[in-house]
Participant: 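The structure under discussion is supplied below as C-alpha cells; questions concerning it will follow.
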Amino acid sequence: MLKRFKVRGFKSFDKEIVFDLSMPNSYLFLPHCVKDGVVRSAVIHGKNGVGKSNLGLAIFDIFEQLTDYKIEDSLFIPYINANLPVDSERIAEFEYLFGFDGIDVSYAYGKKSLNEVVYEKLSINGVEVISSDRRVDNSFTCSLPGTESLKKTISDSSISVLKYIKSNTERDASIENTAFNRLFEFVGKMLYFKCLDFKAYIAEPPKNNNYITDIIEADRVKDLENFLRQCKIETHLRVEGEGSRRTIVNVYGSESYPLEDVWSTGTSALTLFFSWATRMERSGVSFLFIDEFDAFYHFSLSRRVIKFLRDLTSIQFAVSTHNPATITTSLLRPDCYFIMDRAGILPLSLRTDRELREAHNLEKMYKADAFDLLADE
C-alpha cells in the first residue's frame, strides 16, 4: 500500500506537501478502514483551489514514470510550478513510500517535464539500491542481485532507470528483487479517474473506449440496473441492437429509449462509476483516486458510494470532495478524513486538540471550523 507521498515543484505545489497515510489512531470502530497501520480508505476535503485535483495527478505521475501506457498529457499541463525562482533548479520532485508485506520501498525522483527525468533513488528497507543523477552524468548505480553485468549508462533522459533495469535483466527471487517487482505490480494496477468524463483517467487502458459497451460486454447490465435501484434510481434496463450498434436502453411500458438519451447528469456519473467499479472487481486495482467523485450526487448517494469503496477491502482508495455530509463516523474514522488547505494536508484527528470519538458529529464540527481551516484572506 501507499504509506506516504511527498511532492514539490509540481503544478500548484511550490512548497513541499506531504500526504501521510501511516498515522492512524487507535480507534476500535471500523477497523477495516486501516490495514497494517496504513489508512486504506481516505476522503479529502478542502476549499476550491487548494490543490486536491493536483494532489491526485501528482500521486499518479509514477504511473507515467514506470509503465508503458499512454496517458493524457493535457492533464499534466502546466507541469512545473510557475512560482519556482527562475534562478533555481526548476524541477518537480516526488517521493513515495510503499509497504509490501512488511517491506518498505522508497522511490524518489525529479523531473523537468512529464517525460524528462533528472534523478532517481530507490531504497528497500532504508538501504539505497538504485541511484541516478543526470545532472552529474548518465551513469547509475544498482546493487540488485542479477544486475552485475548490466550496462549502467542511459543517455535518453525520457527513460526511467528502474524501467530500464526491469526490461534488461533477469533477477532472482531475493527480497530486494521481490520488492522491486511488487513496486511495478502495484503501480501498474493504479487507477485515477473523474466521474465527469470517461476520457479523464490514468490507468491501463480499458478494452473499450465507450463505457456503455464495456458494461454490455462484461454482461453487467442487470447488475447496473440493481446498482442504480440501490441508489434509489428506478430503471428497467435491457440491451437492444446488434453488433457495434448494441446499447443499453431504459424501458418505459411499451417504449424504450437509449439510456444515454434519458439519464440525468447524476445517473450518467453513476453509470461511469459502475463501469470503473466493474473493472476494479474484474482485474484488480491497487490504489484508486477519484477526483470530485460526487460532483453530481445527492449527499445520501455520496455516502453510499464511499461505503461501497470502503467495503472493497482489497483496494486502497482516496477520493476528493466538497461535500461535508460525507464526514461522519458511520462511514469512516476521523483518521480517514483529511483536510487540505494552503498549509498542507492532515487527518481530522491531527487538526484538533480534542479527542475525537465515534459519537462526535464531525460534519457539524467541520462546518464550524473546529479543525482549524485557514481563514480566507
Participant: Less than 4.0 Å between a side-chain N and a carboxylate O, is that true for Glu242 and Arg245?
Facilitator: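 Looking at Glu242 together with Arg245, the answer is no, because their closest N to O distance does not fall below 4.0 Å.
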
Participant: Can Leu21 be reached from Ile103 by stepping across I, L, V, M, F, W or Y side chains whose heavy atoms are under 4.5 Å apart?
Facilitator: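 Yes, one cluster joins them.
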
Participant: Applying a strict under-4.5 Å side-chain criterion to I, L, V, M, F, W and Y, I'd like to know whether Ile212 and Met280 cluster together.
Facilitator: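 Per the 4.5 Å side-chain linkage, Ile212 and Met280 are co-clustered.
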
Participant: My understanding is that a hydrophobic cluster links ILVMFWY residues whose side chain heavy atoms are under 4.5 Å apart, including indirect links. Using that, what else belongs to the cluster containing Val117?
Facilitator: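 Its cluster partners, ordered by chain and number, are none at all.
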
Participant: With a 3.5 Å distance limit and no angle check, can you tell me whether Lys6 reaches the backbone of Glu16 through a side-chain donor-acceptor pair?
Facilitator: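 Absent.
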
Participant: Can you check ring pair (Phe, Tyr, Trp, His ring centres under 6.0 Å) on Phe299 and Tyr297, steps first, answer last?
Facilitator: CA-CA 6 Å; Phe299 77 88; Tyr297 296 168; over 10 Å; no

Participant: Between Arg135 and Glu89, is there a salt bridge with N-O shorter than 4.0 Å?
Facilitator: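 Result for this pair is yes, salt bridge flagged.
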
Participant: With Lys111 as the cation and Tyr79 as the aromatic partner, state whether NZ or CZ is under 6.0 Å from the six-membered ring centre and within 45° of the axis.
Facilitator: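 No.
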
Participant: Could you go through Lys222 and Asp219, starting from their C-alpha distance and side-chain angles, then the distance that decides it, and tell me whether this counts as salt bridge (Lys or Arg N to Asp or Glu O under 4.0 Å)?
Facilitator: CA-CA 8 Å; Lys222 281 300 176 185; Asp219 195 24; over 6 Å; no

Participant: So does Lys52 have more than 12 non-hydrogen atoms from other groups sitting under 6.0 Å from NZ?
Facilitator: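 Yes - once you tally the heavy atoms of other residues, nucleotides and ligands closer than 6.0 Å, there are more than 12.
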
Participant: Output yes when Lys3 and Asp104 qualify as a salt bridge under the 4.0 Å nitrogen-oxygen rule, no when they do not.
Facilitator: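 A salt bridge links Lys3 with Asp104.
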
Participant: Give a yes-or-no answer on whether the side chains of Asn115 and Glu64 include a donor-acceptor pair shorter than 3.5 Å.
Facilitator: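 Present: a donor and an acceptor within the cut-off.
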
Participant: Hey, are Gln316 and Ser286 close enough side-chain-wise for a donor-acceptor pair under 3.5 Å?
Facilitator: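 The answer is no; no qualifying pair exists.
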
Participant: Ring centroids only, cut at 6.0 angstrom: are Phe94 and Phe10 within range, meaning strictly under it?
Facilitator: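 Centroid distance Phe94-Phe10: below 6.0 Å, so yes.
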
Participant: Testing the 3.5 Å rule here: is there a donor-acceptor pair between the side chains of Tyr119 and Glu93?
Facilitator: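 Their side chains do contain a donor-acceptor pair, which is all the 3.5 Å distance test asks for.
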
Participant: Using the ring of each side chain (for Trp, its six-membered ring), is Phe98 parallel, tilted or perpendicular to Phe100, with breaks at 30° and 60°?
Facilitator: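 Because their plane-to-plane angle is under 30°, the rings of Phe98 and Phe100 count as parallel.
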
Participant: Do Asn25 and Ser349 meet the criterion of a side-chain donor-acceptor pair at a distance under 3.5 Å?
Facilitator: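 Checked: Asn25/Ser349 side chains pair up, N/O donor to acceptor below 3.5 Å.
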
Participant: Within the 3.5 Å criterion, strictly below it, is a donor on Asn138 or Thr153 matched to an acceptor on the partner's side chain?
Facilitator: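 Short answer, no.
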
Participant: Determine, using the 4.5 Å side-chain heavy-atom cutoff (strictly less than), whether Leu356 and Leu346 are members of one ILVMFWY cluster.
Facilitator: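 No, no single cluster joins them.
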
Participant: Apply ring pair (Phe, Tyr, Trp, His ring centres under 6.0 Å) to residues Trp276 and Tyr211 and explain how you reach the verdict.
Facilitator: CA-CA 8 Å; Trp276 283 116; Tyr211 59 98; 8.9 Å; no

Participant: Does the side chain of Asp61 pick up a donor-acceptor pair with the side chain of Tyr109 at under 3.5 Å?
Facilitator: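 Yes, a side-chain donor-acceptor pair sits under 3.5 Å.
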
Participant: Looking only at atom types and distance, does a side-chain atom of Arg4 sit under 3.5 Å from a main-chain N or O of Phe19, one as donor and one as acceptor?
Facilitator: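 Answer holds: no.
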
Participant: Could you check whether Arg246 pairs with Glu240 (Lys NZ or Arg NE/NH1/NH2 to Asp/Glu carboxylate O, under 4.0 Å)?
Facilitator: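 A salt bridge is absent here (no side-chain N lies under 4.0 Å from a carboxylate O).
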
Participant: Pairing donors with acceptors under 3.5 angstrom, does anything connect the side chains of His322 and Lys47?
Facilitator: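 Not at all, the side chains of His322 and Lys47 share no donor-acceptor pair under 3.5 Å.
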
Participant: Is a donor from one side chain sitting under 3.5 angstrom from an acceptor on the other, for Ser174 and Asp172?
Facilitator: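 Their side chains do contain a donor-acceptor pair, which is all the 3.5 Å distance test asks for.
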
Participant: Are Asn181 and Arg171 close enough that a side-chain donor and a side-chain acceptor fall under 3.5 Å?
Facilitator: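 Looking only at side-chain atoms, Arg171 and Asn181 do form a donor-acceptor pair, the distance falling under 3.5 Å.
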
Participant: Just checking, any donor-acceptor pair under 3.5 angstrom between side chains of His45 and Asn323?
Facilitator: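 No, no side-chain donor-acceptor pair sits under 3.5 Å.
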
